[in-house]
Amino acid sequence: MVDAADNHSIAAMDPEQLPIPQHQLHDWPHFVGLYAGEHVAATEFVIGATFVAMGASTKDILIGLLIGNFLAILSWTLITTPIAVQTRLSLYTYLEKIAGDSMTRLYNWANVLIFTVISAAMITVSCTAVRLLFNIPAQLQWYPTDLPFVAVVLAVGMIVVLIAMYGFNAVAEFSGLCGPWLVVMFVSGAFVLYPALAESVLGRTTIEGWADFLAIGDHSIWTGVNSEGKPGIGLWEVAGFAWAANTITHFGLIDMALLRYAKRTVYGLCTSAGMLFGHYIAWIASGIMGAGAAVLLKTSIVELDPGDVAFRALGMSGYVIVIVAGWTTANANLYRAGLAAQAIFHDRSRKKVTFVVGCVTVAVACFPFVFRQILPLLTYAGLIVVPVGAIVFAEHIVFPRIGFTRYWARYRNLPHSVPAIASWIVGLAFGFGLNAMNLLSFYYLFLPTWLVTIVVYTLLAKSYGAAESYPEQEAKEARLQSAIKQFQHEQAIAEGEPIKDVRTKTKVFRWISRVSLILILVLASRVLLQSPDVPTYEANRDIFYTWAFVLTLTYFGFAYWVLNRLKSLNSQTAH
């Protein structure tokens, strides 16, 4: 049993500052849905078009994206997930244990800013679809030029805030619900617009093989020539882009906040649902959709916003996909922003802090410039966060292997860690210095920055006492962790663990939702494969537009019912 004093002390701690208890861990399907929902998202419309504008070739896209996304999956699996599973803490909480309060507060403020702007950009992307429904003109200035657009942003944004307020489970459930549908719709959109591209290149709407696909890709999509008419990026730039796109979450360890709920380290492989179906298939599909929409509208892909592209590819369902794709990404990032803010304001609940941060996010989302600058933001945010991830990696993984002591700064009662702060500054100077000197491709700057920071932090920490032993403090820490585990075990018994084998009671309705997705793909395949001429293509496309929307409503209706039914059954069988 837990000592009464320890029990009271642990119970008084904010749950977000404690390791995740065993009874709240999730199985792998939870993370498949989460990563599919977050990474098959509104940014895919932007990035897919970016590869086209940057002049990548078809073969470089197909091979380079595969290499880069595979490296990203390995980064999550071998770097982020082991630390998350072993500590059961978010990066924000763990960083305070090793770097002290001053650096942690500065870092958390940086994360609040980064994730607030990312969330705001995704809300703005969602609103590019909603504005079309109300005939609101495109927002071409850095500030809003139409009052109804602001009203749309407020309405869409507050839904995101409410979902993020209810924590990991709400975010995961929403993403899990949307993830399979998003994958199907991205693929379907590419199928629907490919005959239009074929007609513009080959003079016919039919595609007779792989050679036709490559010919269309090289001529109208990934031409190898950028928007300025110059040779575009190559294979390794594409691979680096794909790998670096999420450095903030894997090398930067931000996704410890999500993966701390994983039962096993191998669940890091679940990120493949986002990387292969999202960043691989969705980036390729969005490039096809963008090029196809540009052909239909007789304009350039760089002049289209996500709402325009999605509507041309998917009809009314296109409005839904842009809104939902923006929501799923904004939800996860606003949840992260709330965690970072709550780590600063310990005396406030995460829900209240997330609400305040969310209100600021919605206000920022009213300004379209955040959406237009999202790609530079993501890249520079990675360079800012990666050195901190390197510090945590060194402390948790490297130090025990070279005989150094974890949490040495805490054991010495240091108010702040000079080695951590100095290493972060050196890492930032090194990374941005390399960028200024243009000595290395921008997409690979995170690698030497990460390695240099590890070396600098290890050397500085040694000189400040990390190489010494602290047996008394380590024993006290071990007793505390043991007391926390015992407290959480007793808490789980008191709450009662739900019986999870209740899915058979929703079997029929789950199959209805799945069949809806299959039918959407069948209809899209019909447009691609059974449109021998332009009139037939247009007729098949119109049929797809109508039934895809009906089946989308069917999917969400039955899938949402199943989700609520499972929660109800679990609640009823809890004791």
Side-chain angles (χ1 to χ4, degrees), residues 39-40 43-73 186-187 189-246 275-304 306 309 312-313 375-376 378-379 438 440-445 447 528:
H39 294 282
V40 187
T43 47
E44 286 27 289
F45 284 105
V46 180
I47 295 174
T50 298
F51 281 124
V52 175
M54 293 172 70
S57 71
T58 304
K59 289 183 179 179
D60 287 345
I61 283 290
L62 297 177
I63 299 172
L65 287 184
L66 193 62
I67 294 171
N69 285 308
F70 180 70
L71 290 171
I73 294 167
F186 266 95
V187 173
F191 283 3
V192 168
L193 288 188
Y194 217 81
L197 285 170
E199 201 278 332
S200 70
V201 176
L202 305 176
R204 50 183 165 84
T205 54
T206 56
I207 301 169
E208 298 176 354
W210 182 248
D212 282 354
F213 174 82
L214 292 178
I216 294 169
D218 289 338
H219 185 275
S220 292
I221 311 172
W222 307 287
T223 61
V225 178
N226 64 25
S227 57
E228 298 176 353
K230 299 177 181 179
I233 60 175
L235 172 69
W236 293 110
E237 283 81 8
V238 172
F241 189 107
W243 192 11
N246 287 101
M275 294 302 99
L276 298 183
F277 290 103
H279 287 189
Y280 188 71
I281 292 177
W283 283 355
I284 292 172
S286 64
I288 295 171
M289 284 191 282
V295 166
L296 292 176
L297 293 171
K298 295 181 173 55
T299 186
S300 168
I301 191 173
V302 297
E303 297 177 7
L304 300 175
V309 173
R312 288 292 170 178
L375 293 182
L378 287 174
T379 310
N438 199 27
L440 182 68
S441 172
F442 184 73
Y443 307 119
Y444 292 99
L445 290 177
L447 274 177
L528 176 67

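All values reported here derive from a predicted model rather than from experimental measurement.
- Note: F213 and Y194 meet the aromatic proximity criterion, with ring centroids under 6.0 Å apart.
- Closest non-hydrogen pair, M289 versus A313, comes out as SD-CB, 3.5 Å.
- Closest approach of E237 to S441, counting heavy atoms only: CG-OG, 4.4 Å.
- Note that CD1 of I61 and CZ of F241 are 9.5 Å apart. Values are rounded to the nearest 0.5 Å.
- No donor-acceptor pair under 3.5 Å is formed between the side chain of D60 and the backbone N or O of A56.
- Taking CG of L197 as the reference point, atom CG of D212 lies at 12.5 Å (rounded to 0.5 Å).
- Across all their heavy atoms, M54 and Y443 have their closest contact at CE-OH, 2.9 Å.
- Of the options W283, W222, Y280, a ring pair (Phe, Tyr, Trp, His ring centres under 6.0 Å) to F51 is made by W283 and by none of the others.
- Summarising the geometry of A72 relative to M275, their closest heavy-atom pair is CB-SD, 4.0 Å, with the distance given to 0.1 Å.
- Rounded to the nearest 0.5 angstrom, L235 CG and L66 CG are separated by 10.5 Å.
- Note that OG of S200 and CD1 of I216 are 7.5 Å apart. Values are rounded to the nearest 0.5 Å.
- When all heavy atoms are compared, the tightest approach of L193 to G292 is CD1-C, 4.0 Å.
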Using side-chain contact (heavy atoms from CB on, under 4.5 Å), reason through N246 and H279 one step at a time and then give a plain yes or no.
CA-CA 10 Å; N246 287 101; H279 287 189; 2.7 Å; yes

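- Rounding to the nearest 0.5 Å places CD of E199 at 10.0 Å from CG of L296.
- Between I288 and I221, some side-chain heavy-atom pair lies under the 4.5 Å cut-off.
- Side-chain contact between W243 and Y444 is present, with at least one heavy-atom pair separated by less than 4.5 Å.
- Rounding to the nearest 0.5 Å gives a distance of 7.0 Å between CG of L62 and CG of L214.
- Checked against salt bridge (Lys or Arg N to Asp or Glu O under 4.0 Å), D218 has no partners two or more places apart in sequence or in another chain.
- Smallest separation of non-hydrogen atoms from A291 and S220: CB-O, 3.7 Å.
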